[in-house]
Chemist: 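Here's a structure for you.
To find a chain, count down the sequence lines: A is the first, B the second, and so on, and within it residues start at 1.
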Amino acid sequence: MPPTGDPLARRYRRLLIGYPRDWRRARADEVVAVLLDTATPGRTRPTTREAVNLLRHGLRARLGRPASRTVVAWATLAAVICGLFTAALATWAAWHTARPLPDRAAARAVVAEVLPGHEVGGIDPAAALFTFYSQPLRARNLDSLLLGDGGEYQQASVTVAVTSAPTQRQEVLALARRRLDETGWRTYPTHVRPDVTCRVDGCTPTGAVTEIVTARRGDTALTLTVAPRPSIDDTYVTVGLSRATPTAVPFAAVAGGLLGAAAGWLLFGWVSRRTERPHPAAGTVTVLYAATMLLWWAPVLLAAPSLFRHHLGEPHPVWHPLWEWLGQPALSLFFVVGAGCALCGLALAALPRRGPLPYAADQHELLG
Amino acid sequence: MREPTFLILTALAGGPRHGYGIIGEVNALSAGRVALLPGTLYTALDRLVAQGHVAHDRDEHVDGRLRRYYRLTPRGQQALETETARLRQLATAAETRLRALRPRTA
């Protein structure tokens, strides 16, 4: 059916955008005719139900393999993991909207505010918002990052050592808590970590404990650690200052996630339609898809539950960034090898087919 | 076999029909319970064509609108017969139990 001046037909035709181009070429006139037949007289716009139905079934048609009952599940698996990784990448970019970490003077001022009368020893400034072995991540570190040390890429903090003569631990904690409350910090329950000594045959508790107070004010998070005994340089309290999650991060996560999931669905659909048999690499592409999903999902399934338990176990004024929940970059080698498999699958899907695409074949049959 | 698929095959068992005709027939067969939307219908038709249960019959143009007719294939007829026998067996079993139940509840 050629385009007409009928606004309803034009709108129905526009809603077929969810279907792949080959399908539209073969079936658009027929489907629009049925839609017009079922429309009540005088209507000029599709109903919401019709629009949702056409978009939903269009996305299903994009996957090809109309007789398959599982292709939607495989596409969902691919779309969700693509969405998670692009969301993580977007949050990483959004994290860089955070203000620089406090400088020495600002860090000293915070400690003077929270622990008045205590002496500040050394101040260890952070080299960047996220660091790799306390240094900004550089291109030359990529091999270490990929080959097992990825977990060292972490959020950095400015650390201030407090070295004045120790009073009673409980007094320090009480003073810090009171001052944090008075100066507008939101405090979290004190976390108590048992002290252990480790030898070759394992670790044993010493009976002493390290007490940790966490707090947040604006875009700054504070971690005050009271050790069971002073360290070699007489430090008995350390105060760490880091940045809270910037406001842009959740928005970036949602936008990046949706875009990535849509791209994942469309790419899966393209590969699925291209590699419907007969295709010279149909079997190989299926194996590459399985390898990609395994390599991408395994780090997520390993990291997310353990990080969830870690979050439940101690207070977190700032949640760990999204990529850590996906096991990145700790298990980034899995991701990179999986990405290699995905690219090989895409390249093989682009190989010329032995026969026409299924919808083109349908069209040939229908019109012939 | 899901109910809409069963109804589409049943609609085509009466002879070749176009999309709008199938929607109307399915609605009538189900006494108005099943109102297929075109998107749902064409996903089901794509599946049934791929399974070899339904095939393209002919095209007609009515008032400038394309009407593409579909017909049941022998394979589709066999699938419909198998499903009908299954449903009949289930319905008979349920009826037998209900008949036995009625005197006691009366």
Chemist: Report the distance from atom CD of A:Glu30 to atom CG of B:Leu66, rounding to the nearest 0.5 Å.
Modeler: 6.0 Å
Chemist: Is there a side-chain contact between A:Asp37 and B:Arg67 in this structure, where contact means two heavy atoms from C-beta onward sitting under 4.5 Å apart?
Modeler: yes
Chemist: Measure distances from B:Arg58 to the heavy atoms of chain A and classify the residue's part below 4.5 Å as side chain, backbone, both or neither.
Modeler: neither
Chemist: Who in residues 2-27 of chain B is close to chain A, using a strict under-4.5 Å heavy-atom cut-off?
Modeler: B:Arg2, B:Gly19, B:Tyr20, B:Ile23
Chemist: Closest heavy-atom contact between A:Ala67 and B:Gln51?
Modeler: CB-CG, 3.9 Å
Chemist: Heavy-atom distance under 4.5 Å between the side chains of B:Tyr42 and A:Arg27, does that happen here?
Modeler: yes
Chemist: Any heavy-atom pair between the side chains of B:Arg65 and A:Val34 that's under 4.5 Å?
Modeler: no
Chemist: CZ of A:Arg60 to CZ of B:Arg47: how many Å apart, nearest 0.5 Å?
Modeler: 8.5 Å
Chemist: Are any side-chain N or O atoms of B:Asp46 and backbone N or O atoms of A:Ala61, one a donor and one an acceptor, separated by less than 3.5 Å?
Modeler: no
Chemist: Just wondering, are more than 12 heavy atoms of other shown residues or ligands nearer than 6.0 Å to CZ in A:Arg43?
Modeler: yes
Chemist: Between atom CG of A:Leu54 and atom OG1 of B:Thr43, what is the distance when rounded to the nearest 0.5 Å?
Modeler: 9.5 Å
Chemist: More than 12 non-hydrogen atoms from neighbouring residues, nucleotides or ligands closer than 6.0 Å to CH2 on A:Trp270, yes or no?
Modeler: yes
Chemist: Could you grab the distance from atom CG of B:Leu37 to atom OG1 of A:Thr38, nearest 0.5 Å is fine?
Modeler: 8.0 Å
